[in-house]
Each structure stands twice: as C-alpha cells, then as structure tokens.
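Following: one structure in structure tokens, then a few remarks.
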Amino acid sequence: MKPLRKLISALVLGSSLGLAMPSLAEAPFGNKDDLELATSLWALMEYKGLAGDNAVMTRPYKGMPPHGMILELIETPVKLHGQSGPLIVKRNYGGDGISVDDVINDPARYLQAVTIMLKREAGYDADNGDWFYVKYDARGNVMKNPKGIALAGRVAKGMPTGCIACHQAAEGSDFVFNHDRYK
Ligand code: HEC
C-alpha cells in the first residue's frame, strides 16, 4: 500500500475504534490500543518521511548498547488522533564491525530496529513523563519481548528492566538521554 493510503486507513481505523485509556486491569503495554496507535504512527512516519523506504537520511553517529552500534536520531512534533506532541525517532543499525560510512552507503542493509518515544497527553503515564514507547523492526512491525508481549505503550512499566526502567536514569528527569528539552 502507498504510504498515504496506509495513513488514511490507519487514521480511519484509529478514530472509529477510539483510543480509550486502557482499564487498570489491562497490561501497561502491548494491548490493542497500544498496537493501534503504533500502527497509525508508523503510517504517519512513512508519510512524513521519518521511516520506510523513502525516509529522510541524517548523519548517523556511533551508538552504544542497547540501541545499536550506529544510530540516527530525528525529532519532530506530530499530531495524531487529536493529540499533538514531540516524536523522537531513533534508527538502530547493527552488524559485525559496521562503521558510520557503511550505514550511510546502505542504510537498509543494516537497519535492525526503529525505536520511538511519543509524548502523549498529560496523565497518560504521569510518573514516567507521559511517554508512549514502541520498538518496530525495519519494516514497521511491532517487535515483541521474550514473553511474546508487543513492545508498544508504557513499555515494561513497573518492571526492573526495559524502556521505562532504563530511561528513568536520563538526566533532567525527562526520560530523554540526548537532551533536556522536554523537562
Ligand atoms: C538499558 C538501557 C536502555 C533501554 C532498555 C532502552 N533504552 Fe532507549 N536509550 C538508552 C540510551 C543510553 C539512549 C541515549 C544514547 C543513544 O543515543 O543511544 C537512549 C535513547 C533512546 C531514544 C532517543 C531519545 C533519548 O532518550 O535520547 C529513544 C527514542 C529510545 N531510546 C527508545 C527506547 C525504546 C522504545 C526502548 C524500549 C523498547 C528503549 N529505548 C530501551 C538506553 C536504553
């Protein structure tokens, strides 16, 4: 499907089903609403050239675990389902001994995952900066943890490891390592 058609169908689907807050009994991540939002968001990212075959390329930099040997970081405000907020897109490249030049010359070959943080409405996850996390594979499929739970939403909230547990350590208490703009 063309990015624009995918975006429209994702938006129609999202708005017809609504994006209700999950009930307290539901898991903090990997539920139906999380997957719907993640799917709509990937379509929007393709449409905006942030992901997919025609994505804008930035100058990659050397990264560190867990995100990958070489990384790209792009940020832009987005509007989705009536909410607007900053979206941080991190492209994670890996492979034996790869260099920044390898990635620049053939990004598709080394792209292993796209991890994002989307700032949601106040109260979505007040203890954790109201961030919605997703880990996609290179094609935009939401990846799963070893227990088979999709990595979308308040990922691993309350658990000792995972997106939130690690990002909690970011300076400035904004859950973002690279800067403190969203304090
Ligand atoms: C073990 C620690 C750790 C875990 C787990 C982790 N991250 Fe990160 N993340 C980092 C570090 C360190 C950086 C900044 C360094 C860099 O550029 O990679 C970062 C950067 C990011 C960024 C760029 C914004 C920022 O904070 O600078 C995004 C987006 C991101 N991670 C998403 C995720 C998602 C989604 C998950 C879960 C699927 C996740 N991260 C899990 C450590 C972690």
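First listed ligand is number 1; within each ligand, the first listed atom is number 1. Numbers for residues simply follow the sequence, beginning at 1.
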Notebook entry, point to check: Can you find a heavy atom in the side chain of D137 that is under 4.5 Å from one in the side chain of L111?
Noted result: no

Checklist line | Side-chain heavy atoms of L71 within contact of R91, under 4.5 Å | finding: no

Check: Is R154 positioned over the aromatic face of F132, cation under 6.0 angstrom from the ring centre and no more than 45 degrees off axis?
Finding: no

Notebook entry, point to check: Please state which protein non-hydrogen atom is closest to atom 18 (O) of ligand 1 and give its distance, to 0.1 Å?
Noted result: L71 CD1, 3.1 Å

Next item on the list: Report yes or no: does a heavy atom of A170 sit under 4.0 Å from some atom of ligand 1?
Entry: no

Note to self: For a distance under 2.8 Å, give residue and atom name for each protein N, O or S atom next to atom 8 (Fe) of ligand 1.
What the structure shows: H67 NE2, H167 NE2

Check: Is L151 near ligand 1, meaning one of its heavy atoms is under 4.0 Å from it?
Finding: no

Margin query: For D125, run the salt bridge (Lys or Arg N to Asp or Glu O under 4.0 Å) check against K157, R120, K119 and tell me which one passes.
Written below: K157

Please set out all donor-acceptor pairs under 3.5 angstrom arising from side-chain atoms of residues 60-68, sequence neighbours excluded.
from	atom 1	to	atom 2	distance (Å)
Y61	OH	K90	NZ	2.9
H67	ND1	N92	OD1	3.0

Notebook entry, point to check: Does the side chain of V134 come within less than 4.5 Å of L151's, by heavy atoms?
Noted result: no

Margin query: Strictly distance-based, threshold 3.5 Å: is any side-chain N or O of D102 a donor or acceptor partner for the main-chain N or O of I98?
Written below: no

Margin query: Which of the numbered atoms in ligand 1 are under 4.0 angstrom from any heavy atom belonging to G162?
Written below: 5 (C)

Note to self: List ligand 1 atoms under 4.0 Å from L73, heavy atoms only on the residue side.
What the structure shows: 23 (C)

Check: Which of the atoms in ligand 1, numbered in the order shown and given with their element, are less than 4.0 Å from a heavy-atom of Y133?
Finding: 34 (C), 35 (C)

Item checked: Taking atom 27 (O) of ligand 1 as the reference point, the nearest protein heavy atom with its distance -> N178 ND2, 2.6 Å

Next item on the list: In sequence, state the C-alpha distance, the side-chain angles, and the governing distance for R59 and E72, and then conclude on salt bridge (Lys or Arg N to Asp or Glu O under 4.0 Å).
Entry: CA-CA 7 Å; R59 172 114 193 138; E72 264 188 285; over 6 Å; no

Notebook entry, point to check: Taking atom CD of E75 and atom CD1 of I116, what is their separation to the nearest 0.5 Å?
Noted result: 11.5 Å

Checklist line | For Y61, the ligand 1 atoms whose distance to one of its heavy atoms is below 4.0 Å | finding: 17 (O)

Notebook entry, point to check: Angle class for the F177/H167 ring planes (parallel below 30°, perpendicular above 60°, tilted otherwise)?
Noted result: perpendicular

Margin query: To check your reading of the model: name the closest protein heavy atom to atom 24 (C) of ligand 1, its residue, and the distance in Å.
Written below: I88 CG2, 3.7 Å

Next item on the list: Indicate, with yes or no, if the rings of W131 and Y182 have centres closer together than 6.0 Å.
Entry: yes

Notebook entry, point to check: Hey, is V134 touching ligand 1 through its side chain, its backbone, both or neither, going by heavy atoms under 4.0 Å?
Noted result: backbone

Check: What part of V155, side chain, backbone, both or neither, has a heavy atom within less than 4.0 angstrom of ligand 1?
Finding: neither

Next item on the list: Using the side chain to side chain contact (heavy atoms under 4.5 Å, CB included) rule, pick out the option among V56, T76, L44, L41 that qualifies with L50.
Entry: T76

Margin query: Using a 4.0 Å heavy-atom cut-off, which part of W131 comes near ligand 1: side chain, backbone, both, or neither?
Written below: neither

